[in-house]
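First up is the structure itself, then whatever we jot down about it.
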Protein chains: 4
Amino acid sequence: MAGSTNDGERKPRTDKQRNRAHILDVAEQYFSEHGITGSLDAIAKRAGIGPGTLYRHFPTREALLAALLQARDDELEARRKAIQEQESDSAAALAQWLTAMGQWATAFDGLPEPLRAALVEDKSPLALTCQGFITTTDAFLRAAQRDGRARPEVRGRELFLGVLAASWAASAAMADESSPSALHHLLQAGWATPAERAEHLS
Amino acid sequence: MAGSTNDGERKPRTDKQRNRAHILDVAEQYFSEHGITGSLDAIAKRAGIGPGTLYRHFPTREALLAALLQARDDELEARRKAIQEQESDSAAALAQWLTAMGQWATAFDGLPEPLRAALVEDKSPLALTCQGFITTTDAFLRAAQRDGRARPEVRGRELFLGVLAASWAASAAMADESSPSALHHLLQAGWATPAERAEHLS
Amino acid sequence: MAGSTNDGERKPRTDKQRNRAHILDVAEQYFSEHGITGSLDAIAKRAGIGPGTLYRHFPTREALLAALLQARDDELEARRKAIQEQESDSAAALAQWLTAMGQWATAFDGLPEPLRAALVEDKSPLALTCQGFITTTDAFLRAAQRDGRARPEVRGRELFLGVLAASWAASAAMADESSPSALHHLLQAGWATPAERAEHLS
Amino acid sequence: MAGSTNDGERKPRTDKQRNRAHILDVAEQYFSEHGITGSLDAIAKRAGIGPGTLYRHFPTREALLAALLQARDDELEARRKAIQEQESDSAAALAQWLTAMGQWATAFDGLPEPLRAALVEDKSPLALTCQGFITTTDAFLRAAQRDGRARPEVRGRELFLGVLAASWAASAAMADESSPSALHHLLQAGWATPAERAEHLS
DNA sequence: GATGAATGAGGCTTCATTCAT
DNA sequence: CATGAATGAAGCCTCATTCAT
């Protein structure tokens, strides 16, 4: 029953790494199908392992998520470098970075929720990830602010949270003609017209 | 054990309305304490009724929520009238309306979630409520757009969703120096500087 | 699957009493077989009910035990009356009462453990039961002490605990030629008035 | 991660003994803190070894306990000699010996339980230890009986079991004004020669 | 209509034990 | 020998929902 996994080999041990990778593969698919609140036991079962084994690798749902996202972290890091190298316009660079994060946060249904929680609870395995993104966002943001392209009072943390919120909202917007990224646009430009927007900040 | 609620009498009959009101009172308090994902059974128990009775009154959690929000609907409706009558500036009026909705959506912890869902699933008892708010938002928005105070491509539905998203994010922002309403500000003004924002919309 | 229980009737409802009684029957047998640490889920399954139903009737293992013992409480109460009426010798009466309690505490394997715990934690459903027995023991004890048949410094609580301890030990003694009640005898020779005993108390 | 124990060296080999000693140290502390039902895995982890290694050294929990108690056996053996040499009164000697065993059996929370079990199951690693104590107890007891200071029908095994039972009860008695050793007193007044006790044996 | 007992799938954890390396 | 990853049964508990009374 167990061990009927990927390669077909017996149960090669030492490839705890392989096993871990297999769990991640399964979890990735399962979360994609059922959202991040899906049953951990079900993931274990689908991976052909006991619940204890899953628990050993990832003691928390968030630990599993963090591992899952780490793979994407690398993609995002690459994306960051690409943006920095190719985009000379600081505002456009920030916009692209936010878009990239928005896609990252939409990887699984329900993902924004634990990410938001991680912003508050420092103990979460996701907290570190979030912090890194906030730092990067801050870098892009400050560059844009230096160029007078981003409003000076905005902060990276707010922007990250804004991206999370927009991603959170995204799953509902699809049923509408309004593009899922409408909120990302709002985030960038707001609803008010430029000339006179500052005065009505409540 | 049951019926030990308000009157002290046996079961005066005709108190179906009274019963319903009592349930709502209890649910309001319970959701305030435990968030909207709290146990319905616990609400029933606290109200001194059986779960079946609760179920009869409100077949779903959404139905209960909708009833709960309806009371606040009246407040919001009053607020709307007040804004319309007292605020001549259309942009300020829209801003005030969005703020009011933001408070409304923060009534219970976790409330934005089912509201978002109601935007997609038309069957939800909350859908009607949401639709009403969207319509009102649209009215405020169009007035502002007529005055050239709101960007013409923005739509009421987006704005409503934006308010929801900002409310969703609010619970996490508190740990930061950034005010919980930072996102509401972003919603209004965006992060980009006014002069040159439209060109980079991805 | 469920409801395949005792009578063969459909699922008569209202006989929540009957259901409860059935659970108790099953639990009694199960605990007799597996000791009191046996699986509650297993009891539920054997009773043909869901775990939730068992939980509703008896939220705690101790609550279940307490209910189980209550039936025997009645027997013990009857025994007490019988002893009081028929035994004029106060020392013999106490001895008989202790013996009766010893049998009561041996009803299930492992029973003395939670009873001991209940002596310390007042919240336990078993605490009340224990307290009642201590009171009764005290009554018998005081009578014997008045007659100079029991050592005056002994207290009912100690004696109850002693009976518990002897019952605890009983399960091991059986493999030996020494009668399982050897400890009860030791206990008795402890409370009985001796001529010369006090000098060696360490 | 492993081997981060005492020496700091890599793994000096031949340290099987040292390893074993280290495990015992850790287990001693762990059982002191969590009682003897604590997790063996936790002990292994705390000792910096794998569960398999722990298992190799001590195939059962009882084996570990037996090893743990063996260290104390030496103390007890010394105590025995001291008593024999210093105490000329055979009854007092027995009393002191029983007291010493009571302390020994209270070393860890829950210890009496497996000791009692070992009296029945001869296969237990603890059985040998118990048997030794019974033998010693018998020696003290017979001396006292020869002097007419202990009741002749009492047997060492009973007395050992009685000490165990009193130790078992000790943890609960603390909440009361009655000293935890109340049962030991009861036990003693049991084995001491009384004038008129036999007639009420039920 | 109202009641609340029953349902039972499903969640998360823990841990003694095995066994490939 | 030592290791520690894997196992997986079993435990307890929760709760939305149904339905007999």
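Source: prediction; values computed, not measured. Letters A, B, ... mirror the listed sequences (proteins, then strands); counts begin at 1.
- Judged by distance alone, the side chain of B:Arg61 and the main-chain N or O of B:Gly38 form a donor-acceptor pair under 3.5 Å.
- Nucleotide E:dC19 holds its C1' atom 16 Å from the CG atom of D:Leu54, rounded to whole Å.
- Following rounding to the nearest Å, A:Arg20 (CZ) and F:dG4 (P) show an atom-to-atom distance of 17 Å.
- Summary of the strand contacts: B:Pro59 and C:Gly38 both lie near DNA chain F, and taking for each the nucleotide with the nearest heavy atom, the more 5' one is attributed to C:Gly38.
- Between the P atom of F:dC12 and the CZ atom of C:Phe58 lies a distance of 15 Å, rounded to the nearest Å.
- Listed nucleotides F:dC13, F:dA16, F:dG11 differ in distance to B:Arg61; the shortest reach to its side chain belongs to F:dA16.
- With rounding to whole Å, D:Leu40 atom CG is found 13 Å from E:dT18 atom P.
- The partner of F:dA9 is E:dT14, by the rule that a Watson-Crick or G-U pair needs both atom distances under 3.5 Å.
- In this structure, A:Lys45 places its NZ atom 17 Å from C1' of F:dA6, rounding to the nearest Å.
- For the pair C:Leu64 CG and F:dC12 C1', the interatomic distance rounds to 14 Å; values are reported in whole Å.
- At E:dT14, one or more side-chain N or O atoms of A:Tyr55 fall inside 4.0 Å of OP1 or OP2 (strictly under the cut-off).
- Atoms NE2 and CG, from A:His34 and A:Asp109 in turn, are 11.5 Å apart once rounded to the nearest 0.5 Å.
- Under 4.0 Å is where a charged nitrogen must lie from a carboxylate oxygen, and between B:Arg46 and B:Glu33 at least one such pair does.
- Rounded to whole Å, atom P of F:dC13 lies 13 Å from atom CD1 of C:Ile43.
- In terms of phosphate contacts, A:Ser39 brings no side-chain nitrogen or oxygen within less than 4.0 Å of OP1 or OP2 of E:dG10.
- The closest side-chain heavy-atom distance from B:Leu111 to B:Phe31 is not below 4.5 Å.
- Judged by closest nucleotide on DNA chain E, B:Pro51 is the one of C:Pro51 and B:Pro51 placed further toward the 5' end.
- Atom NE2 of A:His34 and atom P of E:dG10 are 12 Å apart (whole Å).
- Base pairing of F:dT18 is made with E:dA5, judged by Watson-Crick or G-U wobble geometry with both donor-acceptor distances under 3.5 Å.
- Contact annotation: D:His57 does not reach the phosphate of F:dC1 (side-chain N/O to OP1 or OP2, under 4.0 Å).
- Under a 4.0 Å N-O distance rule, the pair D:Lys123/D:Glu62 does not qualify as a salt bridge.
- For A:Asn19, a side-chain nitrogen or oxygen approaches OP1 or OP2 of F:dA6 to under 4.0 Å.
- Put simply, CG on B:Leu69 and CG on B:Leu115 are 6.5 Å apart, with the number rounded to the nearest 0.5 Å.
- Within the 4.0 Å cut-off from OP1 or OP2 of E:dT7, at least one side-chain nitrogen or oxygen of C:Thr53 is found.
- Among the nucleotides F:dT7, E:dT17, E:dT3, the one closest to the side chain of D:Asp41 is E:dT17.
- Closest to the side chain of D:Arg56, from the set F:dA2, E:dA5, E:dG11, is F:dA2.
- Residue-to-nucleotide proximity on DNA chain F shows that, of C:Ala42 and B:Thr37, the 5′-proximal contact is made by C:Ala42.
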